[in-house]
Amino acid sequence: MQKLSKDPKHIAIIMDGNGRWAKKRGLPRIEGHKKGIETVEEIIRAAVEQKIEVLTFYAFSLENWKRPSSEVQGLMRLLKKFLIEKRELLKEKNIHLISIGERERLPKAVQKELSKTEELSKNNKGLILNIALSYGSRQEIISAVKKIAEDIQKKKVKINKINERLFSKYLYTKELPDPDLLIRTSGELRLSNFLLWQISYSELYFTPKFWPDFQKSDFLEAIADFKKRNRRFGGLSVEENN
Ligand code: FPP
């Protein structure tokens with residue numbers, strides 16, 4: 001008999017395909033992002049219902065800064081609006097919003113609303129909603145290495161004490177469990193510089209659906225698929241050990 005895995009605690013999502021969704025309809029790309037925000041809300045509500053502990057969205061990568069400034073500005077406007085308008089939802093559903101990434105690169109107005117939303121929701125004890133903004137995993141790892149090197153110089157850390165646990169404490173995600181499940185939409189089969197350290201043992205789930213078409217039923221299907229997987233973390237399954 002197959003051993004069923006536990007429920008996922010942390011689900012991370014690469015929301016891809018907004019641009020192609022819009023193009024297919026002859027719409028400007030920003031319309032895809034707008035529809036994508038509606039999907040974000042639907043999936044947040046579903047995650048709360050499923051009692052997921054942490055939900056991480058890859059909303060804006062460091063590479064995304066290279067997009068035309070009109071698209072970057074449009075995304076920043078949508079993000080600011082999201083951070084203001086969803087405060088009610090965070091309160092109603094007891095959600096704590098946090099963010100990872102190089103926030104100092106975000107426009108001041110976005111930084112301000114982000115800090116305010118984090119502050120307003122910081123005592124909420126339900127879902128942790130983590131938004132990766134201006135985020136890149138290799139850069140996060142390099143920044144961790146630099147901070148550890150500084151602490152070695154200051155004699156706060158001994159070289160022989162560096163291990164996975166200690167290293168993890170220097171990442172943006174230091175307070176979070178690693179993702180159990182990573183979902184990527186739009187049929188692309190790559191990780192795009194997202195949480196490379198943290199997803200070492202995550203289960204990966206790819207769907208051809210564009211993000212704006214992704215629905216609660218798709219999210220539930222991904223969770224059901226996860227539960228059927230036999231997670232071994234490099235060891236043997238329970239059956240094989242017996
Ligand atoms: C990928 O689609 C999506 C993005 C780069 C942005 C995602 C952002 C949102 C849905 C809005 C903000 C999110 C939150 C959580 C507030 P793409 O533009 O790369 O699509 P394409 O590959 O089809 O061009």
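Atoms within each ligand, like the ligands themselves, are counted from 1 in listed order. Everything numeric here is computed off the predicted structure, so don't read it as measured data.
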Heavy atoms only: give me the nearest Q111-R105 pair and the separation to one decimal.
NE2-N, 4.4 Å
Taking the cut-offs as 6.0 angstrom to the six-membered ring centre and 45 degrees off its axis, would you call R25 and W21 a cation-pi pair?
yes
Nearest non-hydrogen protein atom to atom 13 (C) of ligand 1, with distance, is A59 CB, 3.7 Å
Distance from atom 3 (C) of ligand 1 to nearest protein heavy atom, with residue and atom:
M15 O, 3.2 Å
Below 4.0 Å, non-hydrogen atoms only: which portion of I131 touches ligand 1? Side chain, backbone, both or neither.
side chain
Answer yes if the side chains of D180 and Y201 hold a donor-acceptor pair under 3.5 Å, and no otherwise.
no
Min side-chain heavy-atom separation T56-I11 under 4.5 Å
no
Does any donor atom in the side chain of R184 or S192 lie under 3.5 Å from an acceptor atom in the other side chain?
yes
Please report which non-hydrogen protein atom sits nearest to atom 12 (C) of ligand 1, along with the residue it belongs to and the distance in Å to one decimal place.
I37 CD1, 3.9 Å
Do K35 and N18 come within less than 4.5 Å of each other through their side chains, counting heavy atoms only?
no
Identity and separation of the nearest protein heavy atom to atom 20 (O) of ligand 1:
G19 N, 3.0 Å
Note: ligand 1 atoms sitting under 4.0 Å from heavy atoms of R29 are 17 (P), 18 (O), 24 (O)
With side chains defined as the heavy atoms from C-beta onward, is the minimum distance between N130 and I100 less than 4.5 Å?
yes
Within-cut-off N or O pair, L79 and ligand 1, under 3.5 Å:
no
Looking at side-chain heavy atoms only, is the closest gap between F57 and M15 below 4.5 Å?
yes
Which bit of N64 is near ligand 1, meaning a heavy atom under 4.0 Å away: side chain, backbone, both or neither?
side chain
How far is atom 19 (O) of ligand 1 from its nearest protein heavy atom, and which residue and atom name does that atom have?
R67 NH2, 2.8 Å
For atom 10 (C) of ligand 1, find the nearest protein heavy atom and state the residue, atom name and distance (0.1 Å precision).
N18 ND2, 3.4 Å
Ligand 1 contact by K23, heavy-atom criterion under 4.0 angstrom
no
Whether the N64 and S61 side chains hold a donor-acceptor pair (N or O, under 3.5 Å, no angle test) is what I'd like checked.
yes
Would you say W211 and ligand 1 have an N/O pair spaced under 3.5 Å apart?
no
Taking N or O atoms only and a 3.5 Å limit, does R20 qualify as a polar contact for ligand 1?
yes
Ligand 1 versus K34: contacting region, heavy-atom distance under 4.0 Å:
neither
Examine ligand 1 and decide if any of its atoms is less than 4.0 Å from a heavy atom belonging to E188.
no
Check the side chains of W197 and S168 for a donor-acceptor pair under 3.5 angstrom, ignoring hydrogens and angles.
yes
Give me the nearest non-hydrogen protein atom to atom 4 (C) of ligand 1 as residue plus atom name, then the distance to 0.1 Å.
H33 CE1, 3.9 Å
